[in-house]
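Lettering of chains follows the sequences in order, A, B, ..., and the numbering in each one begins at 1.
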Amino acid sequence: MEITAKYNPVEIEDRLYAYWLENGFFDSDPDERKPYTVVIPPPNVTGVLHMGHMLNNTIQDVLVRRARMLGKNACWVPGTDHASIATEAKVVAKLREQGINKDRLTRSEFMNHAWEWTEKHGGIILEQLKKLGASCDWRRTRFTMDEKLSDAVIDTFIYFYNKGLIYRGVRMVNWDPVGKTAVSDEEVIHKDINSKLYYLSYPIVGENASITIATTRPETIMADVAVCINPNDERYTQMKGKKVLIPLINKEIPVIFDEYVSMDFGTGCLKVTPAHDINDYTLGIKHNLPVIDIIDSDGRLNEKAQILIGEDRFDARKKIAEMLDDAGLLVKIEDYKSSIGFSERTDAIIEPKLSMQWFLKMEDIAKPALNYVLNGDIKLIPDKFKNTYKHWMENVHDWCISRQLWWGQRIPAWYLADGSFVVAKTLDEAFTLAQQKNSNIKIEELYQDEDVVDTWFSSWLWPVSVFDPAVCGHPEAKGNADVNYYYPTNDLITAPDILFFWVARMIIAGHEFRGKAPFSNVYLTGMVRDRLGRKMSKSLGNSPDPLELIAQYGADGVRVGMLLCSSAGNDILYDNSQVEQGRNFCNKIWNAFRLVKSWNAEQIPQPNHAAKAIEWFNARFNKILKGIYDNFDKYRISEALMDAYKLFWDDFCAYYLEIIKPAYGSPVDKLTYTATLNFFENLLKILHPFMPFITEEIWLILNDNSENKTIMRTLQPELCDFNEQTVDTFEQVKDIIINVRALRQNKNISPKENLDLFVKGDFDLSFAGILMKLANLSKIEKTENVIENASSFLAGTNEYYIPLGNKIDISEELEKLEKELEYTKGFLKVVNNKLNNEKFVAGAPANVVASERKKQADAESKIKILEENIARLQASKV
RNA sequence: GGGAGCAUAGCUCAGCUGGUUCAGAGCACCUGCCUUACAAGCAGGGGGUCCUUGGUUCGAAUCCAUGUGCUCCCACCA
């Protein structure tokens, strides 16, 4: 195989992924090892991969691959969600394109279309995840509408119904007129919208006068049942007992009084429309008012409106304003900013609507779920979400679980002719129950509820149902081997916007059915935004196509790019330059590999500098490795990656390899070669979770004859003790190297030209000489003649001199030294101030004082040396 | 209206239980280099009023308070 100077991921990635699948490296079955389990947040079955998925799944894959290499039995369960309202909306739209109207179809005809659509488009997203390198156990792929998972949903419904927690009732719900279904409170997004406040005149019955009310919704006046005034409002005391007429339809309605109305808003008069406003509904109940519903399920006025029948609510608003104006009853229109609810799925403006729905009582079942988070059994990362979670769980509302859709699990309630119902899994069971109510009933008379349950009522079972759906709804069930082994899972990686929709409810269900929290940690990713901080959206066209990115930069490059800038909970501002950085890093790794691969190892003596470099890098490696482990423990994934990035690029390539690299064409000794390969493999292992493809490719080439057929089944390098002194010392070496290189650049000395370096002090840097291109490295006891024309610098307590001959510029040298002297004096002054401060010496901890004293001593000796050197230079200047 | 969070280099962010003249990383930028692994590179370099104002302290980017600006969540007075 040809090994090119540019890393070319395309062919490698497809080949390796196929190889991994063939060998079942991702597969997991229960065994004696500790499990590490992650369930994927199931994407919409008909969805397409976007940047948010890329980030989310990259993080999951990093954690899973790392756990696998820590010797755990790692299991990542993939799957998709049927996403009832989103998918149904797509199918309806698709049918409409084909000229088919959903209303003309029977339920089963529609379901056939929906399944057809699902089979055609479903799972595309999972195929896309493979391009990213996701190491899921694909044999375990689940879909929330799989037969068994659907059964689990029904069992769960029946379970809560029998427990008395599910009830049916008429409530004001959030109605989505486009999806033609109720949606839950959590599915409503409030946005501030510029609208109008209309001031309308309502004539007072029997008087030649009127009162003015303010409303944002003039189209609902026909549903008014009263006008309400605050009893303390002195402006309207004369209105007691009077009636007013609804404009245009001239219907009489009473004037009522309630302190609910605020006197300082609008005119202080509120029109009461119980059918179309949640507050008015409450008010209506309190005052025993009727409910007149004038808006149909598709958002059009119905015949109860008497006028404008069949008009859309917003068209009706415009028309009615004109009609009122014509009638002289429109007093004025003001601009007004109000908060309007939008459907999360269809973006339609939500219509508050009274309807019969199914609800789940949340208060009691939410309590244990709250405790898991409060007492730390479940950690939210970052923990700032704990407060939000607490607030929500303590103020939880009953969950409207019915949806007026077909795509989903149908509610297992069966109605009798008299309107009463029974809840049962099958028609036969329902019939048995129904007979207990009415012994004469015939099975044909039973009919099933038309609605389905909310999608989240199925996905809240996910961490359990993917392993053993049979236990959902049966908390006493023993469970199969899988659920007992893999549940509870370990980490859940998801976005904060579904903390309540999904995460909180999974905790509830997990506790209810398995008696344990479903996961230990919830890592909440940020949202992926563009460079300007805008959300990525189709309409803005600012979202790159993930597959194109992968094709262009390689999956490893894209993964690194996304990870580098994504701390938990913070939004990430995506920019192509990050992905370029990832790609460049791949190339760096590739070229380091090319270098090492090109060497011939021979039985020759190991040079001293190589032995010392190995000693140093070994220490350095273990120090950084410890940091990486720590960062993983704290879920600081991007920092762990950055540690590994710098370890590889700066320490391994820029220093280690450069020191031990033999001259072109020369062989390398076997000891050094082996050590280097060992380092390289350990680095690959650290990098593998982040960059699975390139690390595997190189590892396979380096381990041609190994029994291990994949890097992912090897173990992460173990944490070893290291000599801190060795690491620190090399930091000084680096300092010296940088000084020498800077001098070369300053003096225009070619990197090829050898230099002499004189050291006063006891510092051994012979092994780094190669990085400075030194001809001679000499120790001196005192400042001798030989350094007459030398440029000098200090590193630690040692002095360094580089003779420059006629290239020396004395005044420049002086300037440099004087600048350093000034700085050091300032430094000393600060230190002295501290040490002369009795309160500091008395109050600060002993080690801090001691370190200040050391600084003082060092600075003093440094000043002495600098002054000597300045004097020397001044003397030679004359 | 209620709650939470954030503000540090041009950008994205570290900076943990106050303690080095503490101000740091990556990217970007500037300068010089096509040096037999790598120009997707190498070497060197510049760059910040740690949002404001107070307070606590021997000592504050760090703790407290105020103000300002931004973000998110919850609630919805028509």
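Rounded to a whole angstrom, the distance from the C1' atom of U57(B) to that of G45(B) is 39 Å. Distance check on atom C1': G15(B) versus A23(B) gives 9 Å, rounded to whole Å. C51(B) and C73(B) are spaced 25 Å apart, taking the P atom of each and rounding to whole Å. With P as the reference atom, C27(B) and A40(B) are 15 Å apart, rounded to whole Å. Using atom C1' as the reference point in both U20(B) and C13(B), the two lie 24 Å apart (nearest Å). C72(B) sits 25 Å from U62(B) when the C1' atoms are compared, rounded to a whole Å. As rounded to the nearest Å, U71(B) and G59(B) have C1' atoms that lie 34 Å from one another. Nucleotides C74(B) and U66(B) have their C1' atoms positioned 26 Å apart, rounded to a whole Å.
Considering only residues two or more places apart in sequence or on other chains, K390(A) meets the salt bridge (Lys or Arg N to Asp or Glu O under 4.0 Å) condition with E394(A). Among residues two or more places apart in sequence or in another chain, the side chain to side chain contact (heavy atoms under 4.5 Å, CB included) test is passed with K623(A) by F722(A), E724(A), V727(A). Partners of R217(A) according to the salt bridge (Lys or Arg N to Asp or Glu O under 4.0 Å) rule, which considers only residues two or more places apart in sequence or in another chain, are E219(A), E351(A). In terms of the side chain to side chain donor-acceptor pair (under 3.5 Å) criterion, T282(A) has no residue partners (sequence neighbours excluded). T494(A) meets the side chain to side chain contact (heavy atoms under 4.5 Å, CB included) test with P41(A), L492(A), I498(A), W502(A), V503(A), V522(A), L524(A); sequence neighbours excluded.
Screening V740(A), V733(A), D735(A), N739(A) for a side-chain contact (heavy atoms from CB on, under 4.5 Å) involving I737(A) leaves a single residue, V733(A).
Looking at heavy-atom distances under 4.0 Å, Q581(A) makes contact with sugar-phosphate atoms alone, never a base. Residue contacts shown for C228(A) are absent, as no nucleic acid heavy atom lies under 4.0 Å away. Heavy atoms of G826(A) sit under 4.0 angstrom from at least one base atom. The residue R744(A) sits apart from the nucleic acid: no heavy atom pair falls under 4.0 Å. Residue contacts shown for Y823(A) include a base, since a base heavy atom lies under 4.0 Å away. L270(A) comes within contact range of at least one nucleobase, with a heavy-atom separation under 4.0 Å. Among the protein residues, K384(A) comes within range of the sugar-phosphate backbone only, with heavy atoms under 4.0 Å from sugar or phosphate atoms but none that close to a base. Across all strands shown, K834(A) has heavy atoms under 4.0 Å from sugar-phosphate atoms exclusively, and none from any base. If you check every strand for non-hydrogen atoms under 4.0 Å, E639(A) touches sugar and phosphate atoms only. Residue-level contact check: S339(A) touches the bases, meaning some heavy atom is under 4.0 Å from a base atom. Residue contacts shown for V596(A) are absent, as no nucleic acid heavy atom lies under 4.0 Å away. Base engagement by R583(A) is indicated by at least one non-hydrogen atom pair under 4.0 Å involving a base atom. At the heavy-atom level, E753(A) lies nowhere under 4.0 Å from the strands shown. Note on W599(A): nothing from the nucleic acid sits closer than 4.0 angstrom, heavy atoms only.
Running 5' to 3' along RNA chain B, contacts with non-hydrogen atoms of chain A at under 4.0 Å begin and end at A4(B) to A78(B).
Taking the six-membered ring for Trp and thresholds of 30 and 60 degrees, F593(A) and W590(A) have ring planes inclined between 30 and 60 degrees apart. Between F648(A) and F652(A), the ring planes lie tilted relative to each other; the angle falls in the 30° to 60° range. In this structure, F585(A) and Y645(A) have tilted ring planes: the angle between them lies in the 30° to 60° band.
Toward the 5′ end of RNA chain B lies the nearest nucleotide of Q745(A), the other residue of the pair Q745(A) and S262(A) mapping further downstream. Between K337(A) and V830(A), the one whose closest nucleotide on RNA chain B sits nearer the 5' end is V830(A).
Screening residues 572-588 of chain A for salt bridge (charged side-chain N to carboxylate O under 4.0 Å, His left out), with sequence neighbours left out, gives R531(A)-D575(A). Identified under the salt bridge (charged side-chain N to carboxylate O under 4.0 Å, His left out) test for residues 221-230 of chain A, with sequence neighbours left out: D224(A)-K271(A).
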#### Entry: Secondary-structure string, 5' to 3', Watson-Crick or G-U under 3.5 Å, | for another-strand partners, for RNA chain B
(((((((..((((.....[....)))).(((((.......))))).....(.(((..]....))).))))))))....

